[in-house]
Amino acid sequence: MSSSVGNTLVLRANLPGTREEDCYSWNYESLDEIKTELAAQEYLQSLIRRHRFDIDTIVEVPLGVESLAWLYEHMRLICVELGYYLSTLHGECTELGCPVMRASETTYYCAGHGRPRACSAMGYSVHTLDYAVRQLGSAASFPDRRHVLESEIKHFQSMARRLYRVFAHAYFHHREVFERQEATTGLYARFVRLARKYELTPESLIIIPELPTTI
């Protein structure tokens with residue numbers, strides 16, 4: 001992708017052979033710079049690359065984007081990052097070690113089998129992530145990602161409640177992985193800030209103790 005800044009043509013693309021540490025080496029200073037249908041998504045990605053641990057900056061709704069549409073873009077990217085998160089957790093969270101989904105002492109049943117039933121923690125996490133991705137990609141749930149209706153917030157609430165359990169399981173049962181991931185990505189801090197900002201889950205269900213990044 002390329003765009004013009006003044007009279008200069010700026011190329012924004014990862015060319016073949018680009019080293020991983022050099023990928024996405026461009027940033028957007030404002031949403032107005034992006035002239036595509038996915039402008040909000042690209043701008044949010046740029047914000048996260050530059051300000052990953054500045055949660056206030058990341059969750060602030062930019063001019064030109066509706067509040068719930070901004071939440072939609074956040075949830076999409078959280079699902080993408082959570083996929084990488086689970087790949088890191090996979091070696092620690094095995095079917096033998098975690099045969100059921102627990103967060104602290106609470107056991108959760110998986111809805112990914114037709115009827116809710118017990119499922120390994122990793123199976124529950126993958127099924128829950130699949131559910132969230134399907135919801136976000138569903139034209140029935142979200143007909144227009146740029147104009148999300150108040151009536152559609154119930155979908156965010158349902159997926160946030162389930163996705164929170166994935167973070168809670170990692171915190172209570174794989175603390176080292178959780179802390180390493182949080183120090184690298186700040187993903188949980190961003191997720192819980194959004195959950196509180198948009199009232200996606202009751203405060204009583206936020207069971208992970210406050211972290212420096214979530215206060």
Side-chain angles (χ1 to χ4, degrees), residues 14 18-24 41 44-45 47-49 52-53 55 58 71-138 141 155-195 200-201 205-214:
N14 296 316
T18 302
R19 295 180 301 178
E20 182 178 0
E21 60 268 26
D22 295 329
C23 286
Y24 307 104
Q41 174 183 296
L44 177 56
Q45 289 171 326
L47 278 179
I48 292 172
R49 288 195 295 269
R52 180 169 291 277
F53 298 101
I55 307 301
I58 293 173
L71 172 60
Y72 177 90
E73 299 300 341
H74 268 286
M75 294 301 290
R76 281 179 61 93
L77 284 183
I78 284 170
C79 285
V80 170
E81 292 189 59
L82 197 55
Y84 291 108
Y85 195 106
L86 292 181
S87 69
T88 301
L89 186 62
H90 188 266
E92 300 287 336
C93 184
T94 64
E95 189 167 349
L96 181 62
C98 301
V100 295
M101 180 56 161
R102 285 198 178 97
S104 188
E105 299 303 318
T106 304
T107 299
Y108 297 102
Y109 287 89
C110 182
H113 307 272
R115 291 184 177 182
R117 66 173 177 82
C119 184
S120 71
M122 182 54 64
Y124 181 102
S125 300
V126 171
H127 296 155
T128 297
L129 183 58
D130 284 346
Y131 155 78
V133 170
R134 287 197 306 272
Q135 283 285 91
L136 291 165
S138 168
S141 298
H155 302 304
F156 293 128
Q157 292 170 332
S158 177
M159 68 180 76
R161 187 178 66 253
R162 300 183 194 187
L163 290 173
Y164 185 87
R165 297 166 186 166
V166 177
F167 290 108
H169 175 77
Y171 178 85
F172 287 107
H173 302 279
H174 308 285
R175 183 72 57 83
E176 184 177 341
V177 175
F178 177 91
E179 292 179 346
R180 185 169 63 245
Q181 285 296 305
E182 195 61 15
T184 304
T185 69
L187 183 60
Y188 171 73
R190 192 187 336 148
F191 175 84
V192 81
R193 183 71 64 85
L194 288 164
L200 301 182
T201 186
L205 297 183
I206 298 178
I207 59 177
I208 295 174
E210 295 294 350
L211 307 175
T213 50
T214 62

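- Atom OG of residue Ser125 and atom CE of residue Met122 lie 5.5 Å apart, to the nearest 0.5 angstrom.
- Using a 4.5 Å heavy-atom cutoff, the side chains of Leu77 and Leu44 are in contact.
- For Glu95, the CD atom is loosely surrounded, since the number of other residues' heavy atoms within 6.0 Å does not exceed 12.
- Contact record, Cys79 with Leu163: SG-CD1, 4.4 Å, taken as the closest heavy-atom pair.
- A pairwise comparison of heavy atoms in His127 and Cys110 identifies ND1-SG, 3.3 Å as the closest pair.
- Looking only at side-chain heavy atoms (C-beta outward), Met75 and Gln135 stay at 4.5 Å or farther from each other.
- The one candidate from Phe167, Phe172, Tyr171 that meets the ring-ring contact (aromatic ring centres under 6.0 Å, His included) condition with Phe178 is Tyr171.
- For OH of Tyr109, the number of neighbouring non-hydrogen atoms (other residues, nucleotides, ligands) closer than 6.0 Å is 12 at most.
- A donor-acceptor pair shorter than 3.5 Å cannot be found between the side chains of His174 and Glu92.
- Considering all non-hydrogen atoms of both residues, Ala103 and His169 come closest at CB-N, 4.1 Å.
- No side-chain heavy atom of Glu81 sits less than 4.5 Å from a side-chain heavy atom of Ile78.
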Task: Evaluation steps, side chain to side chain contact (heavy atoms under 4.5 Å, CB included), between Thr128 and Met101 - done: CA-CA 11 Å; Thr128 297; Met101 180 56 161; over 6 Å; no
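- For Ser138, the side-chain contact (heavy atoms from CB on, under 4.5 Å) test picks out Ala140, Ser141, with sequence neighbours left out.
- Annotation: side chain of Thr185 is in contact with side chain of Arg52 (closest heavy-atom distance under 4.5 Å).
- Side-chain contact between His74 and Ile58: present, with at least one pair of heavy atoms (C-beta onward) separated by less than 4.5 Å.
- Taking CG of Leu71 as the start and CZ of Arg76 as the end, the distance is 13.0 Å to the nearest 0.5 Å.
- For the pair Leu82 and Phe191, the minimum side-chain heavy-atom distance is 4.5 Å or more.
- Heavy atoms only, all atoms of each residue included: Phe156 and Leu200 are closest at CB-CD2, 3.8 Å.
- Nearest heavy atoms, Ile207 versus Tyr164: N-OH, 2.9 Å.
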- [ ] Would you sort out whether Glu73 and Gln45 count as a side chain to side chain contact (heavy atoms under 4.5 Å, CB included), showing the intermediate values?
- [x] CA-CA 9 Å; Glu73 299 300 341; Gln45 289 171 326; over 6 Å; no
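- The distance from atom CD of Glu182 to atom CG of Leu187, rounded to the nearest 0.5 Å, is 7.0 Å.
- Applying the side-chain hydrogen bond (donor to acceptor under 3.5 Å, both in side chains) test to Tyr85 and every residue at least two apart in sequence or in another chain returns nothing.
- Geometrically, Arg165 does not engage Tyr124 in a cation-pi contact defined by less than 6.0 Å to the ring centre and at most 45° from the axis.
- Under the 4.5 Å side-chain criterion, counting only non-hydrogen atoms from C-beta, His90 is not in contact with Leu86.
- Atom CZ of Arg102 has 12 or fewer heavy atoms from other residues, nucleotides or ligands within 6.0 Å.
- Heavy-atom minimum distance, Leu89 versus Ala170: CD2-CB, 4.4 Å.
- No more than 12 heavy atoms of other residues, nucleotides or ligands sit less than 6.0 Å from atom CZ of Arg115.
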